[in-house]
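Residue numbering restarts at 1 for every chain, and letters A, B, ... go by the order of the sequence lines.
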There are 4 protein chains.
Amino acid sequence: MTDHSEAARLADAVPAQRDALAQRFRQVRARSAELTTSLSAEDQGVQSMPDASPTKWHLAHTAWFFEAVVLVPHATGYRPFDARFFHLFNSYYDALGSRHPRPQRGLLTRPSLEEVHAFRRHVDAAVARFIEDASASAWTAAEPLLTLSLHHEQQHQELMLTDLLHAFSCNPLLPAYASASAPERHRAAEPLAWVPGPAGAVAIGHAGDGFAFDNEGPRHTVWLAPYELGHRLVTCGEYADFIADGGYRTPSLWLSEGWATVQAQGWQAPLYWLAPGDPRAPADHWQVFGLQGVGPLDPSAPVRHLSFYEAAAYAEWAGARLPTEAEWEAASSDARLTQLTGHAWQWTRSAYDPYPGYRPWSGAVGEYNGKFMVGQIVLRGGSLATPEGHTRPTYRNFFPPAARWQFTGVRLARDL
Amino acid sequence: MTDHSEAARLADAVPAQRDALAQRFRQVRARSAELTTSLSAEDQGVQSMPDASPTKWHLAHTAWFFEAVVLVPHATGYRPFDARFFHLFNSYYDALGSRHPRPQRGLLTRPSLEEVHAFRRHVDAAVARFIEDASASAWTAAEPLLTLSLHHEQQHQELMLTDLLHAFSCNPLLPAYASASAPERHRAAEPLAWVPGPAGAVAIGHAGDGFAFDNEGPRHTVWLAPYELGHRLVTCGEYADFIADGGYRTPSLWLSEGWATVQAQGWQAPLYWLAPGDPRAPADHWQVFGLQGVGPLDPSAPVRHLSFYEAAAYAEWAGARLPTEAEWEAASSDARLTQLTGHAWQWTRSAYDPYPGYRPWSGAVGEYNGKFMVGQIVLRGGSLATPEGHTRPTYRNFFPPAARWQFTGVRLARDL
Amino acid sequence: MTDHSEAARLADAVPAQRDALAQRFRQVRARSAELTTSLSAEDQGVQSMPDASPTKWHLAHTAWFFEAVVLVPHATGYRPFDARFFHLFNSYYDALGSRHPRPQRGLLTRPSLEEVHAFRRHVDAAVARFIEDASASAWTAAEPLLTLSLHHEQQHQELMLTDLLHAFSCNPLLPAYASASAPERHRAAEPLAWVPGPAGAVAIGHAGDGFAFDNEGPRHTVWLAPYELGHRLVTCGEYADFIADGGYRTPSLWLSEGWATVQAQGWQAPLYWLAPGDPRAPADHWQVFGLQGVGPLDPSAPVRHLSFYEAAAYAEWAGARLPTEAEWEAASSDARLTQLTGHAWQWTRSAYDPYPGYRPWSGAVGEYNGKFMVGQIVLRGGSLATPEGHTRPTYRNFFPPAARWQFTGVRLARDL
Amino acid sequence: MTDHSEAARLADAVPAQRDALAQRFRQVRARSAELTTSLSAEDQGVQSMPDASPTKWHLAHTAWFFEAVVLVPHATGYRPFDARFFHLFNSYYDALGSRHPRPQRGLLTRPSLEEVHAFRRHVDAAVARFIEDASASAWTAAEPLLTLSLHHEQQHQELMLTDLLHAFSCNPLLPAYASASAPERHRAAEPLAWVPGPAGAVAIGHAGDGFAFDNEGPRHTVWLAPYELGHRLVTCGEYADFIADGGYRTPSLWLSEGWATVQAQGWQAPLYWLAPGDPRAPADHWQVFGLQGVGPLDPSAPVRHLSFYEAAAYAEWAGARLPTEAEWEAASSDARLTQLTGHAWQWTRSAYDPYPGYRPWSGAVGEYNGKFMVGQIVLRGGSLATPEGHTRPTYRNFFPPAARWQFTGVRLARDL
């Protein structure tokens, strides 16, 4: 992950760096637990579809990641909490041995939630010890992996919420994850303004000292034709107009695969929108299910829980298009742009291909990103569920084009 | 369910009958809860396949049955615990409204297990009151349904165990439901003896005062050609010989659908048998998973967790056949026959067709049995999981021919 | 198939028997070819679903059957037409080697139809020679198999028509198999009369000299409670009343599996009924597709192309039930009953279980019937497509309960 | 498709242009028929998978395209051959009405092959008349569509071969499409040389007068980092080394989706490679099935019938990567590169995304390319089955990453 000169530089900075990392470790780990306080053990065990995982599994898998990537290879004398957990909580790392089938994660009533928390405490203690005691060489080797493991846990914090929300949406009682004491209400959205971005030869991708995933680099030049981006995200009110105008019944607006999906799945609105009269929440207007339960559609809020297909069809209907990921990144430093993060991941018109010169990290963590570079679409930005400080302008999130259970939204673009 | 003269007779017997039923009600209901004491709330929420249900769902559904069949129609002024539970816990009664999709019962983390127990207590109290206070006419109408509801709950007590065992079998940790303090060990099985049964015109089916399901009647004559039955069930040791002799690789032993299933599913042994060297319980001989966890195969124990296809193939290999349900019932009063119940339900060679003159009960409970009379095979007897006193010689259990997760076994028959 | 004394008796009768069989062989074989005269080679190659086969495949398979069952084992010096055809045209005989996957029979554009006819001529000549020249012992061994092969070919003659009709039904042009010069029109159906059948101890099943399939025996006693049968089949007009009365929208009329199938498949009428306004044959009343193309529904014609589920739901709606196969057979000698054959196979309320004492034929032909005795329903009678003289009162046809592409209909029964 | 000034220029050139187009029309149409001369009507009707179509369907669809796009909108007084063919032979144009389901194209035994040829003759005559007689304005409007229709027919000429080859591969007889009188044998392949391509700001995409599909433009600048390409395609011999080295058993070489596909499908070699000992062509070395039937693997021939997943895994194994489509196009004018076309379409590492500024053609033909721009991978070059003169360096072919039945191969690339 790092070359030798960077390693040397890191060694000098070690004491302060160790303290900082220890504190950050405690914060990130505590945050995972905090996210579950309103949930019962039953809630935390459920898996509503193969793509989603139980909360408990996320808690165990993120502990396993520290164990598999940091402690076992680098912490001398570390004793795993339970050797059988390697099989249970490996997600997709072929280099790290066998694994429990993904669609059956919800069947793991054992270990119990309590045991998983004991597992986490075991790992917490071992990592804390390692941060304090590791030899310089062990530290140099392990620190990037430790940092990666923290970013990994933050990614799962977002997934814990999206997966739980999906599970709750399958329950006719439509339970709320969080109390609606302070429901998010958006002020009337401003009229959409168009903001031109940098064109010609532009550099994108990560560079410099800070952490980034391997797929964000190397930094490289792209050539952009003139374009402009919508200054804010598309709102629920705008999207409701698309629906009212027959958007879901007009094949010419859709990519072929999107239209086939609309018909096969019977889509008529974003995921979690309840049509007027839905027996689960009868009302004479659209209702929306979310982390705070069911509430009336807020026309000013950014539309969320869209597939790429729907995002692209909406853009077509609006006489615009989706931005490429390079356009999004190049323009993202422009202060006129709002809602870059904190609301919804933004579908781009870019398939998730490797950057020129891309090489995966070496070792098992080489499977982190690179092997998914086919059949996925890049999303940029960050959502309401993205942990504070986790995302970056160079961040390349990715999901298959039909995915709707993430906090996904739309920013428009058009040629100049 | 009863004709008018029987109703009149019942009215005279009411006071003692009410007391007896109240006691029986308490016992049956308590038994359901007892069965769950070793299970966590997580364990009780899981559904491992569409055919199985979570323990919690069974607990709630059996309460719902009393509510839907007895309390709402017959107990004046009864207030349902939660109106939404009608949709959640209806199993398959079209006459009783909409229902939650069967394959998604495991997604109901709410209501919590605790709320389900509160629901059960609410129903318990209301049923107790009803037994004490019901008018004579309400009692006459409701008593048969109350009795049915108790037998219904007993059926679910067996399903709670079979479904839980299946869920645990999907967990690589292979947890034990019950401690193995007193593991069931069978004495060396006696050599198989053959016992002839009554032939010619024979009456089968339920008659008389005691409870029976509608599918057990009417009592009627059948004509049986001479036959004899094995005096005991087929053992694990005998079945292991069938496997060792290539039983699972010899198409001529199998029904066509059975052979196709063997190949499609890769069956090589009964469900829950772990082959020598299975990574979940490495050993150099067969191991068997059951309610008490994993243990070595007991050659004297009745073989269990077989499909009808396997039962029929074994019988073919053994130069015998499966008994018809009429043969089984006709011969069942012969004292030389052992293991009639208490070990395994016994596959017969009879499809689950209606008896001559069969009519389903009237009302919603008419859906209890009759509508399943196609595509199923009759099993007779009773298993280790069948509640004490629940089964009868006329009892017609039924499952599809590929089902293996029940406690199913084999008794042989042959022509004379 | 025959015991020794019968074989001896047969030997005496051989010369006349050989002549008769030679003539019958020529007739049956010629009939297969005649059935294809209105079809192009393209028509004869198509397979519209896994359960159906191309006409060409039927022509080749029936030739293969003579080759595999008669010529190769019994005709000294016989040289197969093409050794590769053994794999291509074996249907389901595990004892006779590997086979081409059933769902891919429509992909066999080679051998060509012309080559298949050459194959048939090759077999025809060899069989004719064998009939003339076989030694007495070869004849004794082979004659029953030769006779079986002819009945086998007749069964496929019916399948050629049902499979072709299904293939044509998938073509929006809805081509006619036969010209409609003399369309079948039924006189107004007589009011339904009820005819009681023999009750008590009754013998059913085949006995005597004539040919029968193994599944028709042994003859045995059954005990029948009093019953009566409808004197004729249910008509299209009567079935249209069932539809108009909401039959397909009333779950209480249906078996559970039937209702699930109705919903999953969207059934609203028998197969091949075109609803008023269907774009393939627009009209303001029901149209029916059949061998002579599309025409208006004839209310007096027997209803056809029903599943068992629909037959049973209709009977329930009509306040009746389906006959058991024993009732059907016992009553079939009563002259008051009409339409026993020549119109539609009649669904019974009997699963296809073995008769008491049933043993399959020995050798490869043992796979003919016995291995299908699970998951199927017995049909009795015969249809408009059944070859003259092929069926018998003891004949046990069978199909899965959801099958609709055969010429299947309904005769009602009720208890007395 | 063309702007107004181009239209004006075209009008001047009309007489010569009409003659040239008439001649080209005759040639292209005749070529389609020539490709079928070795095939029976049966061969031409078969569909072996949903992605492939029968030869007859290709013949009819390409005629329909002229009818739907040129004749009906532009040829005054044109009478369609059969109005029902609009439904039968529309492929995927939502703007042009309903269509027969793609997976059921093989069920259309009617119209017959003969009728389809009559349909083609009808269209041929009408197009010839139109070319001769069309008014200047009709000509200006229709000429681009006529030209498009010819290129469309050429695309289907290649598909006719790939689809037929797939159908033949499903037949255990493995018939040859073409006689092997002059089997293609490659001289020993030259050692692989690496050829650097133009880097920095490079223009790609179609520009100028000649025909191109809409997806090839607009011409635009891309920025390329330094790279080099293999001078020739990867050979069968090289690919056999990959197999022998365990390529299909090494997950680290594969994209995640690719590895899942390898396991789910049991892939062990390219499509149409027969392993040593395959019962369809027993031999002690690899055999390959192709248009000329089965023959021994030619180690010098370009490897073909690979998925994108296999191409990428091979490149990984070889220490290289696949070229991006921009690299391929930029380098393609370098004479040192061989096998650019005529052997195999070359998988690139580029998802099929729209070019900057891309707009689909207007009208129904706007559905030609644009709506497929998700989930597909770009291939460049051309194959042995690509019609002479059909392909261009800017040509963007595309297929899903798992597709193997096309003539697809591999050219390697690497960073400099």
- CG on C/Leu255 to CZ on B/Phe372, rounded to 0.5 Å: 10.0 Å
- Item | Considering all heavy atoms, the nearest C/Pro218-C/Pro356 contact | CG-O, 3.2 Å
Give every donor-acceptor pair between chain C and chain B closer than 3.5 Å, one pair per line, or write none.
{"residue": "C/Ser256", "atom": "N", "partner": "B/Lys371", "partner atom": "O", "Å": "2.7"}
{"residue": "C/Arg349", "atom": "NH1", "partner": "B/Met373", "partner atom": "O", "Å": "3.1"}
{"residue": "C/Arg349", "atom": "NH2", "partner": "B/Met373", "partner atom": "O", "Å": "2.8"}
{"residue": "C/Ala351", "atom": "N", "partner": "B/Asp353", "partner atom": "OD2", "Å": "2.9"}
{"residue": "C/Asp353", "atom": "OD2", "partner": "B/Ala351", "partner atom": "N", "Å": "2.9"}
{"residue": "C/Lys371", "atom": "O", "partner": "B/Ser256", "partner atom": "N", "Å": "2.7"}
{"residue": "C/Met373", "atom": "O", "partner": "B/Arg349", "partner atom": "NH1", "Å": "3.2"}
{"residue": "C/Met373", "atom": "O", "partner": "B/Arg349", "partner atom": "NH2", "Å": "2.8"}

- CG of B/Leu412 to CG of B/Leu322, rounded to nearest 0.5 Å, is 7.5 Å
- Message: Using a 4.5 angstrom heavy-atom cutoff, name the option from C/Ala201, C/Pro401, C/Gly258, C/Ala351 with the most pairs to chain B.
- Response: C/Ala351
- Note on the structure: Shortest non-hydrogen pair, B/Gly366 vs B/Pro360, comes out as O-CB, 3.6 Å
- chain C contact via B/Ile377 - which portion, at a heavy-atom distance below 4.5 Å: side chain
- Taking every heavy atom of B/Leu224 against every heavy atom of B/Pro198, the minimum-distance pair comes out as CD1-O, 3.6 Å
- Which heavy atom of B/Ala413 sits nearest a heavy atom of B/Ala320, and at what distance? O-CB, 3.3 Å
- Excluding sequence neighbours, so at least two apart, what forms side-chain contact (heavy atoms from CB on, under 4.5 Å) with B/Pro103? B/Pro50, B/Pro101
- Query: Could you state the interatomic distance from CG (B/Leu379) to CZ (B/Phe398), rounded to the nearest 0.5 Å?
  - Reply: 10.0 Å
- Item | Proximal component of C/Val222, with respect to chain B [non-hydrogen, under 4.5 Å] | backbone
- Note on the structure: Ranked by heavy-atom pairs below 4.5 Å to chain C, first place among B/Ala225, B/Ala312, B/Gly375, B/Pro354 goes to B/Pro354
